[in-house]
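The following block contains the structure, expressed as structure tokens.
All chains are named by letter (A, B, ...) in the order of the sequence lines, taking the proteins before the strands, and each is independently numbered beginning at 1. Values reported hereafter were calculated over all heavy atoms of this structure, with side chains retained and with hydrogens, waters and symmetry mates removed.
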There are 2 protein chains.
Amino acid sequence: MAIAAKTKSSSQKAVDELRELIFSGELPAGSDHLETELAEMLGMSRTPVRDATLILASQGLLEVRPRKGVRILSLSAKDMHEIYEVLTELESLSAARAAEKNYSPEDLAALAKTVTDMDAALAREDRTSWAKADEAFHKELVRLGGNTRTAAIVENFNDQVRRARALTLKIRPMPHQSSKDHGALFDAISRGDAKAAHQIHWDHRDTARKLITGLLEQLGLRHF
Amino acid sequence: MAIAAKTKSSSQKAVDELRELIFSGELPAGSDHLETELAEMLGMSRTPVRDATLILASQGLLEVRPRKGVRILSLSAKDMHEIYEVLTELESLSAARAAEKNYSPEDLAALAKTVTDMDAALAREDRTSWAKADEAFHKELVRLGGNTRTAAIVENFNDQVRRARALTLKIRPMPHQSSKDHGALFDAISRGDAKAAHQIHWDHRDTARKLITGLLEQLGLRHF
DNA sequence: GCATTTTTTTATGTATACATTAAAAAAGAC
DNA sequence: GTCTTTTTTAATGTATACATAAAAAAATGC
């Protein structure tokens, strides 16, 4: 999304607010909303709302259906499978690329901090802080991989599964194994072991996918 | 891009026409165009043009720069590297997944046809037809991989490199090795050999990237 | 009662007018 | 001549009016 806007327009406000409403569940998955309804909700005319819905449609968060309403997209099990397949592949590639670059400890400081933050949150049994640090870990990992397009895809797909992750965060087991994986991955990257980095991360993401989809199934959710 | 429009609106026309102008080079990489200019060019008001530029910006084909003009995005060598890194990874994943599915010969008929078409075009030394069949091969390959999101990403990235490929098509060596690779990949998928399918395709894409970037360098092009 | 046709309503697509603001040009100061 | 400030111009953001067309409601026919 290459918009080089400098100030916050109504369109951008609409994007931000709609995103927030979607991620919080206030605009539930599967719900339909007319342009005029959203315009009233956001306190602006239809024009910037239309801009925003086009942008959010391109991000895969909603579907513009003329005369039937803008539908907030829900995810099926198949969607989850597809998203995680791509996430797993591209993040693992980033992990391998990061390891190949032989980063200095300084270069890896931000990644190290996220690992430390996750461990601290885990010790406190603070799931929310842990999730935040976890997200920062994955984002930094992909940045270290050095491909901005990979980073953009991963970020977008993480947005798409944001609700599912929030849903499962409270009920999943405490993420001890996840933290072990992160530590091991950090070590592999530090010592420049691309093959190990790729494998560790691939297994880590695969495990996470199974956990999340399993929990969603337990909750009896076909779409979310 | 989840627009469920049924009829062709001016906005959609604008998207289609601007795409064509970009791919043909009529709107050259690096050129800037005001909204009003594009609206006049396309014979419509600014409103649908604005819709179209938002959509094309999300496709990575242009950048909306308020007051400076809509810039048709050019690609640097780094861009090419990033795009091909993602394409290689995701297409190879698709090849492996396709092999795992143990498709019947019927299932693989469309893919087989693209291979046949490529061979026929190659025998005639018809580069244009070969390129068309090549594109169809890659598209069908990704479809057979079964992940619609992968297919969408791959299609979008192929759009982004479309001009570069067109530029190099006329000057590259006749693609004999490429056709061999396609045949070998088809065989690997047919016999369900995921590992081989992945490897063959990875090597194939890697070779293609080197060829294209090498030719662009020969042409002395830093951006295209 | 059901199917078809016609009319009405309404949501979106589009054009245009107006508001905002960034950039260019002009004026002033040294 | 250069730098700063002010004014003007024009490009984009936004609101609103109008056009179009899809959906809903009403009317008609059997």
Side-chain angles (χ1 to χ4, degrees), chain A residues 1-22 26-73, chain B residues 1-22 26-73:
Chain A
M1 178 50 91
I3 301 224
K6 290 182 181 173
T7 62
K8 196 154 180 183
S9 57
S10 292
S11 295
Q12 188 57 50
K13 277 184 199 147
V15 169
D16 295 343
E17 286 178 37
L18 286 175
R19 278 170 66 91
E20 187 51 44
L21 292 171
I22 290 167
E26 214 163 320
L27 289 184
S31 60
D32 298 321
H33 307 277
L34 298 182
E35 256 183 29
T36 46
E37 179 192 338
L38 295 178
E40 198 170 318
M41 188 186 299
L42 299 176
M44 59 184 75
S45 76
R46 278 170 52 219
T47 314
V49 168
R50 182 168 176 76
D51 282 359
T53 58
L54 284 179
I55 288 165
L56 293 173
S58 77
Q59 291 176 6
L61 295 180
L62 54 82
E63 178 184 5
V64 176
R65 305 180 324 146
R67 316 197 68 86
K68 294 184 180 164
V70 169
R71 172 162 290 180
I72 309 302
L73 285 175
Chain B
M1 176 52 86
I3 301 222
K6 289 184 183 171
T7 63
K8 196 156 182 185
S9 57
S10 292
S11 295
Q12 189 57 52
K13 277 184 197 144
V15 169
D16 295 342
E17 286 179 37
L18 287 174
R19 278 170 67 90
E20 187 51 47
L21 293 170
I22 290 168
E26 216 166 315
L27 289 184
S31 60
D32 298 321
H33 308 277
L34 298 182
E35 257 183 28
T36 47
E37 180 192 337
L38 295 177
E40 200 171 315
M41 188 186 300
L42 299 176
M44 60 185 73
S45 75
R46 277 169 53 218
T47 314
V49 168
R50 183 170 176 75
D51 282 359
T53 57
L54 285 179
I55 289 165
L56 294 173
S58 77
Q59 292 177 3
L61 295 179
L62 53 82
E63 180 184 6
V64 176
R65 304 179 325 146
R67 315 194 70 86
K68 294 184 181 167
V70 168
R71 172 161 291 178
I72 307 304
L73 285 174

For Lys8(B) and dA21(D), what is the distance between atoms NZ and P respectively, to the nearest whole Å? 15 Å

Heavy atom of residues 36-44 of chain A under 4.0 Å from DNA chain C: which residues? none

Decide if atom CD of Glu40(B) counts as having more than 12 heavy atoms of other residues, nucleotides or ligands within a radius under 6.0 Å. no

Correct closest heavy-atom pair for Ile72(B) and Leu62(B) would be CA-CB, 4.2 Å

Among the nucleotides dG13(D), dT14(D), dA23(C), whichever has the atom closest to the side chain of Lys68(B) is dA23(C)

Can you measure Arg65(A) atom CZ to dG13(C) atom P for me and round it to whole angstrom units? 13 Å

Given dA15(C), dA11(D), dT14(D), which nucleotide is nearest the side-chain atoms of Ser45(B)? dA15(C)

For Ser10(A), report the nucleic acid contact type (base, sugar-phosphate, nothing); a contact means any heavy atom under 4.0 Å. sugar-phosphate

Separation of dA21(D) C1' from Glu35(A) CD (nearest whole Å): 15 Å

Is the shortest side-chain N/O distance from Ser11(B) to OP1 or OP2 of dT14(C) below 4.0 Å? yes

Rounded off to whole Å, could you give me the CD-to-P distance for the Glu63(B) and dT12(D) pair? 13 Å

Nearest-nucleotide pick for Thr47(B), side chain only, options being dA15(C), dT16(D), dT12(D): dA15(C)

Which nucleotide in the set dG13(C), dT12(D), dA15(D) lies at the smallest distance from any side-chain heavy atom of Pro48(A)? dA15(D)

Spacing between Asp51(A) atom CG and dA15(D) atom C1', to the nearest angstrom: 13 Å

Does a distance-only test, which skips hydrogens and angles, find a donor-acceptor pair under 3.5 Å between the side chain of Arg67(B) and the base of dG13(D)? no

His33(B) NE2 to dA10(D) P, in whole Å, measures 20 Å

Between dT16(C), dG13(C), dA15(D), which nucleotide has the shortest distance from any of its atoms to the side chain of Arg50(A)? dG13(C)

Does Asp16(B) have any salt bridge (Lys or Arg N to Asp or Glu O under 4.0 Å) partners at least two apart in sequence or in another chain, and if so, which? Lys8(B)

Would you name the heavy atoms of Ala57(A) and Val64(A) that are closest together and state the gap between them? CB-CG2, 4.1 Å

Testing the basics here: between Val49(A) and Glu35(A), what is the closest heavy-atom pair and its distance to 0.1 Å? CG1-O, 4.0 Å

Between Arg50(A) and Asp51(B), does any NZ, NE, NH1 or NH2 come within less than 4.0 Å of an OD or OE carboxylate oxygen? yes

Which atoms form the tightest heavy-atom contact between Gly30(B) and Arg71(B), and what is the distance? O-NE, 3.7 Å

